[in-house]
S.K.: 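Here it is, the structure, as C-alpha cells.
Remember, it's a predicted structure, so these values are computed and weren't measured experimentally. First the proteins, then the strands, lettered A, B, ... as listed; each starts at 1. These values consider heavy atoms only, across backbone and side chains, with no hydrogens, waters or symmetry-generated copies.
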Amino acid sequence: MENKRINGNDLIALGYKENHAMGVALKINRKRLGFNREQMLANFKRVLEHPESYLEDAVFKPLAEVLLEIDTMEEEIIKLKEHAEVYTVFGEGNIEDGAKKQMNVAMKLPVTVAGALMPDAHQGYGLPIGGVLATKNAVIPYGVGVDIGCRMALSIFDLPATYLDTYSDKLKEVLLKNTRFGAGNGYLKHERTDHEVLDSSLFNADDFIRSLKDKAWTQLGSSGGGNHFVEFGMIEFATPDGALGVEQGKYLALLTHSGSRGFGATIAGHYTKLAKEICKLPYEAQHLAYLDVNQAEGQAYWLAMNLAGDYASACHQVIHDKIQSALGAELLAKVENHHNFAWKEQFNGEEVIVHRKGATPAGKDVMGIIPGSMATEGFLVRGKGKEAAIHSASHGAGRLMSRTQALKTLSTADLKAILEDKGITLLGAGMDEAPMAYKDIHKVMAAQVDLVDIVATFSPKIVRMADDGSRED
DNA sequence: ATGTCC
C-alpha cells in the first residue's frame, strides 16, 4: 500500500497538469532509481516548483526542461472557443460517442466555420473519420488524414455482367497479375510504369518532396493495405443514366479503393509535425494543429497535398489501364472521387477550406462512389448539394468493430459461408475486413437520402485485398 | 492509412 505506484492522479494532486510533462514524469517514475514512493513524490513536487534548479540533475533534467518549456509557451497557446459551433450529425443513433467528442473539439477551433458528421463516422486521430470541417484560411493536416487523396475509381465496361460467371477464372488471373498490395510493397525497377504525374513540376517544389519521388515511382500502380481493394463486380443501372450515358442494364465493372501510399503518408507525417510546432493548441486539440494557407508552410503543404492527390489518382489510372487492356474491353463510363482531402470551396457566400476526412464530395450533381464491404453492395451516387452536410456524404458503411475487436471475435467459417452464399471470390484480406465488422450499408444510405441520390448499385464478385491485415510478404 | 517515433 505504502509503496503503491505513482500515477497521473498523484501528480495532479501535486499540481501537475495533464500535458506532456506528466508523461515525462511518469516515465522517470518507472525507473524508481532507489527512491521510495514518498521520496519520489517529494521530488516531483520540488521539480514542479523549481524546475530551474534541476536543469543539471541526472534524473530530473528531462522533466525540468519540459516544465520550463511549457511555462514559456503557456502564453503562445491558442485559445479554443468556449462553446462549440453547432454542426449536423447524420445517422445520429449509430455513431459512437468518441467521434462526436472529437467533432466537438474541432468545432471550438478559432478557424472553424462549419462542420458535419457523416453517418459512417467513427473515432480517428484529430478529426474523426467521416468528419467534414470548413475553416477560414487554415488547413489541418490531420483534418485530411494520413492517406492523402485516398479515393475510389470505377470503370464500367461494355461487357455484360454475365462475363463475371463465364470468365471468372480469367478475371481472377487478371486481378492477380495486375495488382500488388500492402505496406512497403511496390514494383521493381524493370516493372515500373510511367505516368505523366511523375513529370509534375511539383516534385521539384523543395528537397523534401524531391526526396520522395523515387519511392513514389516504385509504388505507382500499387494498392495499400487494410480496407484497400481492387475488385470486379456487377453494376446495375435500374434506370438509364443520361448524364453518364449508360443504358439500363447490368455490366461488368472494376472498382478500386486506394490512396497515395508511402508518398502521401510521408507528406502527412512531415506537415503534421510542422503544424504542431507552429500551432500550439490545448492538449485536447493538439492533433488539430493547422497551417495558414496564406503563409509559406501552409502553401507548401497545399502543393504537396495536391501532388499526393494527383499521385493517388495516377495509381488508380495505372491499375485501370492495365486491367482494361488485359480485358480488351471498351469503357462505357468512368467515375472517380477522393474522400481524404481539403478543397477551397464556396460556403454561405465565402471561400472556405473544406476538409473531408473519410467523406465523399456530394455537391449538386457531383458523382461519387460509396462502397459497402467485400460482400455487400456499394453505390454510385449523385450529390444533392446539402448545405448542412457541407456538400458531402459518407465514404462507406463505416466500421462497426475496431480491427482488433474484429480479429478477436469474428470467425473465418462465418466469413466463408457469407462469401459462398453470395458467390464472391476473395483473394487476400484479413478478418478485420470481414463484412460483419462493418455497419449495415443500407442503414447508412437511409441516413443520407437528403445528401445523395443512388444512380446504380455495385455488387462485388471477385475481390482482391492485401493479405492478413496490411502485410503481403 | 503507413515499413508504423529521428
S.K.: Looking at B/dA1, B/dT2, B/dG3, which one has an atom nearest to any side-chain atom of A/Arg403?
M.R.: B/dA1

S.K.: Under 4.5 Å between any side-chain heavy atoms of A/Arg5 and A/Asp10, yes or no?
M.R.: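 They are not in side-chain contact.
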
S.K.: Could you walk me through whether A/Phe263 and A/Phe203 pass the ring-ring contact (aromatic ring centres under 6.0 Å, His included) check?
M.R.: CA-CA 11 Å; A/Phe263 178 60; A/Phe203 270 113; 5.4 Å; yes

S.K.: Which part of the nucleic acid, if any, lies within contact of A/Lys215, taking any heavy atom under 4.0 Å across all strands shown: a base, the sugar-phosphate backbone alone, or nothing?
M.R.: sugar-phosphate

S.K.: Do NZ/NE/NH1/NH2 and the carboxylate oxygens of A/Glu96 and A/Lys101 come within less than 4.0 Å?
M.R.: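 No, this pair does not count.
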
S.K.: Remember a base hit wins even if backbone is also touched, and classify A/Gly262 as base, sugar-phosphate or nothing at under 4.0 Å, heavy atoms.
M.R.: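 The residue A/Gly262 makes sugar-phosphate contact but no base contact.
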
S.K.: Output every pair passing salt bridge (Lys or Arg N to Asp or Glu O under 4.0 Å) with a member in residues 274-302 of chain A, not counting sequence neighbours, ordered by first then second residue.
M.R.: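 Checked against salt bridge (Lys or Arg N to Asp or Glu O under 4.0 Å) - neighbours excluded - the pairs reaching residues 274-302 of chain A are A/Lys273-A/Glu277.
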
S.K.: Let me know the distance between CG of A/Asn185 and P of B/dG3, rounded to the nearest Å.
M.R.: 9 Å

S.K.: Over how many whole Å does the gap from A/Asp432 atom CG to B/dT2 atom C1' extend?
M.R.: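 Answer to the nearest Å: 15 Å.
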
S.K.: Crowded around A/Lys213 NZ? As in, over 12 foreign heavy atoms under 6.0 Å?
M.R.: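 Enclosed: over 12 neighbouring heavy atoms sit under 6.0 Å from NZ of A/Lys213.
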
S.K.: From the set B/dG3, B/dC6, B/dA1, return the single nucleotide nearest to any side-chain atom of A/Asp147.
M.R.: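 The answer is B/dA1, which lies nearest to the side chain.
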
S.K.: Between B/dG3, B/dA1, B/dT2, which nucleotide gets closest to the side-chain atoms of A/Asn227?
M.R.: B/dA1

S.K.: Given atom CZ of A/Phe263 and atom P of B/dG3, what is their separation to the nearest angstrom?
M.R.: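 Whole-Å distance recorded here is 13 Å.
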
S.K.: When the distance from NE2 of A/His339 to C1' of B/dA1 is rounded to whole Å, what number comes out?
M.R.: 10 Å

S.K.: In whole angstrom, give the distance that lies between atom OH of A/Tyr311 and atom C1' of B/dA1.
M.R.: 14 Å

S.K.: Rounded to whole angstroms, how far apart are CD on A/Gln123 and P on B/dA1?
M.R.: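 So the CD-P distance, A/Gln123 to B/dA1, works out to 16 Å.
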
S.K.: Starting at atom NE2 of A/His270, determine the distance to atom C1' of B/dC6, rounded to an integer number of angstrom.
M.R.: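 Value for this atom pair: 13 Å.
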
S.K.: Could you give the OH-to-P distance, from A/Tyr125 to B/dT2, as a whole number of Å?
M.R.: 17 Å

S.K.: Below 4.0 angstrom from OP1 or OP2 of B/dA1, is there any side-chain N or O of A/Arg261?
M.R.: no

S.K.: Given B/dC5, is OP1 or OP2 found less than 4.0 Å from the side-chain N or O atoms of A/Lys273?
M.R.: no

